[in-house]
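Structure record follows, encoded as C-alpha cells.
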There are 2 protein chains.
Amino acid sequence: MNSTAKNCAALAKRLTDSGLRPTPQREVVFKVILEKRDHPTADEIFARVKSQMPTISLATVYNCLETLVQCGLVRQVNLERAPTRYCPNLHEHAHFHDDATGQVHDINLPADTLKQLRSLLPPGFDASTVELAFRGSKGSARAKLAEGRAAARSGAN
Amino acid sequence: MNSTAKNCAALAKRLTDSGLRPTPQREVVFKVILEKRDHPTADEIFARVKSQMPTISLATVYNCLETLVQCGLVRQVNLERAPTRYCPNLHEHAHFHDDATGQVHDINLPADTLKQLRSLLPPGFDASTVELAFRGSKGSARAKLAEGRAAARSGAN
DNA sequence: ACAAGGATTTAGAATTATTCTAAATAGAAC
DNA sequence: GTTCTATTTAGAATAATTCTAAATCCTTGT
Ligand SMILES: [Mn+2]
Ligand SMILES: [Mn+2]
Ligand SMILES: [Zn+2]
Ligand SMILES: [Zn+2]
C-alpha cells in the first residue's frame with residue numbers, strides 16, 4: 001500500500017467517522033494539499049485539482065476544504081489579510097512568511113515552548129489555540145554566514 | 001497640558017516628521033482609538049468618530065488608519081478572517097481573542113520570550129515581525145479557582 | 001430492481017471588508 | 001490672491017468567501 005492509498009484510507013476513515021462520505025472531490029482536494037506542501041490558497045488548490053478533475057467547481061473546493069478542516073486533517077493559515085492558505089502539517093508549528101518570495105514555511109514548535117507561551121496568560125485565560133507567525137526575509141545561507149562573521153568581529157571589538 | 005493634548009501633540013509631531021498634515025480627521029480618529037482601547041474595527045471607529053464629526057466618511061477613516069499605522073502610532077490586529085482591528089498599545093504584546101464575548105485582550109510579552117521565539121527560526125530566517133495570538137475563553141475568576149482546586153485534588157491522587 | 005430521501009456538487013448570485021477613482025475642498029507656499 | 005499639492009469625500013470597483021437553489025449522486029428500504 002503506497003502513501004497516497006494510505007492517506008486516502010485515513011481520509012475515508014475520518015470522514016465516515018464523522019458521518020460524511022469519502023467523495024472523489026474530497027479525495028483529490030486532500031491529495032493535492034499533501035502533494036505539494038506549500039500552503040496553497042483555495043484558488044491555487046482549485047487550479048491544481050482542475051487538471052485532474054476538470055469538472056470540479058470552486059464552490060466544491062471551498063466545501064471540501066471546510067470539511068477537511070472540520071475533520072482535523074488540514075489546518076487553515078491566515079496571514080494578515082491575504083487569502084486563507086491550507087496546511088496538512090498536523091504537528092504544532094508556527095509559520096514564517098517570506099516577504100520577498102511570498103512563500104510560507106513551517107517552523108517547528110517544541111512542546112515546552114507552547115507551554116511557556118500559555119503560561120504568559122493571566123489567570124482565567126484559557127487558550128484553546130495558539131497561533132504564532134513570523135514575517136521577514138529568508139537570506140541565503142551565504143549571506144547569513146557573512147552576517148555571522150560580521151557579528152563575531154563587532155563582538156570582538 | 002492634559003493627556004489628550006499631549007497625544008495630539010505627539011500625533012502632530014509624527015505626522016509633520018513624515019511630511020504629512022495633522023488634520024482634524026486624523027486627530028479625531030487617533031483620539032477615539034486611544035479613548036477606548038478595545039481593538040475596534042474600522043466600522044466601529046467610524047461610528048464613534050461620526051458622533052464627534054458627523055461629516056466624516058468611511059473612506060477617510062480608512063485613510064487615517066492607514067496613515068496612523070504607517071506612522072507607527074497604531075497597530076493592525078488581524079485575527080482569523082475577521083475585520084481588521086486597531087490597537088494603540090505600542091509595547092510588544094500578544095492578543096487573546098475571547099470566543100465567548102468577541103473581546104480582544106492585550107497580553108504582555110516579555111522581551112526574552114520574544115528573543116526565545118526568534119531563536120526557533122532556522123539559520124537564514126530573519127523575522128522583522130512576530131505575531132502571537134491566542135484564542136479561547138476567559139472564565140470567571142471563581143470558575144478558575146474551582147478549576148485550580150480540582151487540579152490540586154487530582155494531582156494529589 | 002426500484003423508489004425515496006438525504007448528502008453532495010455545481011453555477012451563479014450575494015455578501016462584505018477594503019481599495020480605488022475622480023471630483024471637491026482645504027491649506028500651505030509663493 | 002493665485003497656484004500647487006495634500007486631503008477628504010461619495011460612490012464605484014474589487015476580491016475572497018459564503019449563500020442559494022437546482023442538479024446529481026449514493027444509500028437505504030421495499
Ligand atoms: Mn507578502
Ligand atoms: Mn470570535
Ligand atoms: Zn504549516
Ligand atoms: Zn493590542
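So that the names make sense, note that chain A is the first sequence line, chain B the second, and so on, each numbered from 1.
- OP1 or OP2 of dA17(C) has not a single side-chain nitrogen or oxygen of T84(B) nearer than 4.0 Å.
- R81(A) places a side-chain N or O within 3.5 Å of a backbone atom of A82(B) that can act as its donor or acceptor partner.
- Taking atom CZ of F46(A) as the reference point, atom P of dT10(C) lies 9 Å away to the nearest angstrom.
- Closest to the side chain of N63(B), from the set dT9(C), dT8(D), dT10(C), is dT8(D).
- One interatomic measurement links the two molecules: CD of E80(B) to P of dA17(C), which rounds to 16 Å at whole-angstrom precision.
- Residue contacts shown for T23(B) are limited to sugar-phosphate atoms, with no base heavy atom under 4.0 Å away.
- Atom-to-atom, CG of D43(B) to C1' of dT19(C) comes out at 14 Å; the value is rounded to the nearest Å.
- The separation between E66(A) atom CD and dT10(C) atom C1' is 16 Å, rounded to whole Å.
- Going from atom NE2 of H39(A) over to atom SG of C87(A) covers 3.5 Å, rounded to the nearest 0.5 Å.
- Mapping L58(A) and Q25(B) onto DNA chain D by nearest heavy atom places Q25(B) closer to the 5' end of the strand.
- In this structure, the side chain of T113(B) does not engage the main chain of L109(B) through any donor-acceptor pair within 3.5 Å.
- If you check every strand for non-hydrogen atoms under 4.0 Å, T41(B) touches nothing.
- When rounded to the nearest whole Å, the span between OH of Y62(A) and P of dA15(D) equals 13 Å.
- Protein atom CZ of R26(B) is 14 Å distant from nucleotide atom C1' of dT9(D), rounded to whole Å.
- In this model, the phosphate group of dT10(C) is approached by a side-chain N or O of T60(A) to a distance below 4.0 Å at OP1 or OP2.
- If A82(B) and R21(B) are placed on DNA chain C by their nearest nucleotide, the residue sitting closer to the 5' end is A82(B).
- Not one side-chain nitrogen or oxygen of R81(B) sits closer than 4.0 Å to the OP1 or OP2 atom of dA17(C).
- Between A59(B) and P24(B), the residue whose closest nucleotide on DNA chain C is further toward the 5' end is A59(B).
- Nucleotide dA16(D) holds its C1' atom 15 Å from the CG atom of L79(A), rounded to whole Å.
- Side chain of R135(A) to main chain of D98(A): no donor-acceptor pair is present (N/O by atom type, distance under 3.5 Å, no hydrogens or angles).
- We find that CG of L20(B) is positioned 14 Å from C1' of dA28(C), with the value rounded to whole Å.
- Within the 3.5 Å criterion, the main-chain N or O of T41(A) finds a donor-acceptor partner in the side chain of E44(A).
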